[in-house]
Structure formats: C-alpha cells, structure tokens
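One structure below.
Owing to the predicted nature of the structure, the values given are computational and were not obtained by experimental measurement. Values reported hereafter were calculated over all heavy atoms of this structure, with side chains retained and with hydrogens, waters and symmetry mates removed.
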Amino acid sequence: HMKHRKNIEDNPNHHLQKLGSRYWFRLRRGGKDIFHNIAGDVDTARKLRDEMLAAYHSGKPIPYLNTRA
C-alpha cells in the first residue's frame with residue numbers, strides 16, 4: 001500500500017520547519033534528534049541546511065548544532 005508515501009526529496013524545504021517567523025533544521029538519524037533554529041528567511045535556511053547535511057553525511061562535526069539523544 002504505497003498510496004500514503006510521497007517523495008519528500010523533491011521538496012526544496014526538506015528538513016526545514018517554519019515555526020513563527022523562524023526556520024528550524026530538523027533531522028532524526030542514528031537515534032538522535034538534530035534540531036536547530038537556523039534562519040529567519042528561507043534562502044538562508046536552505047543554504048545553512050545544505051551545509052549542515054553535507055557535514056553530517058561526510059562524518060564531520062555539524063556546525064551550529066543542538067543535539068538530543
């Protein structure tokens with residue numbers, strides 16, 4: 001039953017959540033919630049999100065990070 005599945009990778013705001021007037025980066029991987037207030041405008045939020053994901057995927061420390069286990 002694949003009807004409920006949607007392709008979220010095509011979403012340009014994937015891993016971003018708008019709360020109030022701010023954009024938050026959210027990622028749940030490896031048993032950790034990564035949650036960080038990153039920007040007030042969508043263009044800056046997308047840029048910082050891409051940097052944070054690149055660091056995460058390369059195994060480097062993620063810049064500007066709040067992590068909850």
What pair of heavy atoms forms the shortest contact from Y23 to A45, and how long is it? CB-CB, 3.6 Å
Heavy atoms, side chains only, cut-off 4.5 Å: are N37 and L19 in contact? no
Do K47 and T44 touch side chain to side chain, with heavy atoms closer than 4.5 Å? no
Output the distance between atom NE2 (H36) and atom CG (L48), rounded to the nearest 0.5 Å. 8.0 Å
Just distance, no hydrogens or angles: give the donor-acceptor pairs under 3.5 Å from side chains in residues 51-59, sequence neighbours left out.
residue, atom, partner, partner atom, Å
S58, OG, A54, O, 3.1
S58, OG, A55, O, 3.1

Can you tell me how far the CZ atom of F25 sits from the NE2 atom of H14, to the nearest 0.5 Å? 9.0 Å
To the nearest 0.5 Å, what is the distance between CG on D41 and CZ on R22? 8.5 Å
Please round to the nearest 0.5 Å and tell me the distance separating atom CD1 of I34 and atom CZ of R26. 11.5 Å
Looking at CZ of R49 and NE2 of H15, how far apart are the two atoms once the value is rounded to the nearest 0.5 Å? 7.5 Å
Name all residues meeting the side-chain contact (heavy atoms from CB on, under 4.5 Å) criterion together with D50; count only those two or more places apart in sequence or in a different chain, and write none if there are none. none
